[in-house]
Amino acid sequence: MIVPAITPNATYDFADDVRAGLSQRGQKELPSKYLYDDVGSALFEVISHLPEYGLTRADERLLRRHADEIVNRVAGPVAIVELGSGSGKKTRSLLESFSRRQPTFYYPIEISRAALDMCERELRDIDAISIVGFEREYLDGLQEVAAYRKRGQHLLVLFLGSTIGNFDRAAGVKFLAEVRRILEPGDSLLLGTDLEKSSAQLLRAYDDELGVTAAFNLNLLARVNRELDADFDLRQFAHVARINRETRSVEMHLQSKRRQSVSIPAAEVVVEFLEGETIWTESSHKYSMEEIVETAGQAGFRCETQWIDEQWPFAENLLIAE
Ligand code: AVJ
């Protein structure tokens, strides 16, 4: 079932963020959340099918295999809030398990309208699940859902797909602590985290041979062209994936192939690039199992269970608000 009470509008300013990120001294950067417009969301969907990128399939396998066990460990009745639902595909088995226990509301929160639409189409046939999508930033959306909470109802927050990896570690703890502040003791958070693996495996995953990840990254410049009227020549930038050993992350950059200047009228800025200079567009931090328990503790959660995939190092962590 689908309840069409979908609310529009996210409160960020693309032009301001682009101007700030590209005119700062030192490393230029663009926030990774802007990778996900309609084109970017569709490209990420393709990435999740690539043999080199096992992350999403590991997440899905774990949710499928352990859905009933997860339901049993989460006190009901429960409303489910997903931060960044994407296509919604990986959430299906979990929702089906919850629907067998009792009718349940599912609130996907997304800044991408396209992803929200995809998610609603994907999941609308599950009978006892009512879907109410929110086009919002994560914490704004969560706050709104929490405000509607009924007496005696618990919240289960889903933060899957290792989206937490896009925060640096300190920001990750801070984000989880903000989620915790909105929750009540006994509420839960199911957190998907990609685990540490070899540099070779990571570089293959973030620089696939078909070039889909390159297109996903370059689309950020195409988006700046489309929405801010800029004149980036996409052929003059190259996708680069790099391992950062200090932060234990994979970074994506867009590297200028030559000295060039780009004008971005709607952001009221002209940006100069040196040959070889990069724009940092994303970091994906990789975690160890013990570290997740510790991080959860710092944010006010107790780690109840961790499930690990055998094919692709990835953990599903059930955290309980203390
Ligand atoms: C969706 C944020 C988990 O960081 O691995 C995929 C995005 N970037 N390939 C990730 C992504 C490059 C992905 N997350």
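In listed order, ligands and their atoms are each counted from 1. Residue numbers count from 1 along this sequence.
Put simply, OG1 on Thr213 and CG on Leu50 are 6.0 Å apart, with the number rounded to the nearest 0.5 Å.
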Please report, to 0.1 Å, the donor-acceptor pairs under 3.5 Å made by any side chain of residues 179-189, with sequence neighbours excluded.
residue : atom : partner : partner atom : Å
Arg180  : NE   : Gly300  : O            : 3.4
Arg180  : NE   : Glu322  : O            : 3.3
Arg180  : NH1  : Leu183  : O            : 3.1
Arg180  : NH2  : Glu322  : O            : 2.3
Asp187  : OD1  : Arg149  : NH1          : 3.4
Asp187  : OD1  : His154  : ND1          : 3.1
Asp187  : OD1  : Leu155  : N            : 3.1
Asp187  : OD2  : Arg149  : NH1          : 3.4
Asp187  : OD2  : Arg149  : NH2          : 2.6
Asp187  : OD2  : Glu184  : N            : 2.8

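Here ring pair (Phe, Tyr, Trp, His ring centres under 6.0 Å) pairs that include residues 195-214, with residues two or more places apart or in two chains, are Tyr53-Tyr206.
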Is there any protein N/O under 3.5 Å from an N/O of ligand 1, and what does the full list of such pairs look like?
residue  : atom  : partner : partner atom : Å
ligand 1 : 4 (O) : Asn166  : ND2          : 3.4
ligand 1 : 4 (O) : Ser284  : OG           : 2.4
ligand 1 : 5 (O) : Tyr53   : OH           : 2.6
ligand 1 : 5 (O) : Tyr206  : OH           : 2.5
ligand 1 : 8 (N) : Glu282  : OE1          : 2.7
ligand 1 : 8 (N) : Glu282  : OE2          : 3.2

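Residues forming a ring-ring contact (aromatic ring centres under 6.0 Å, His included) with Trp312 (at least two apart in sequence, or on another chain): none.
Glu277 pairs with exactly one of Lys28, Arg259, Gln27 by the side-chain hydrogen bond (donor to acceptor under 3.5 Å, both in side chains) rule, that one being Lys28.
Ionic pairing of Lys174 and Asp168 is not present here: no N-O contact between side-chain nitrogen and carboxylate oxygen is shorter than 4.0 angstrom.
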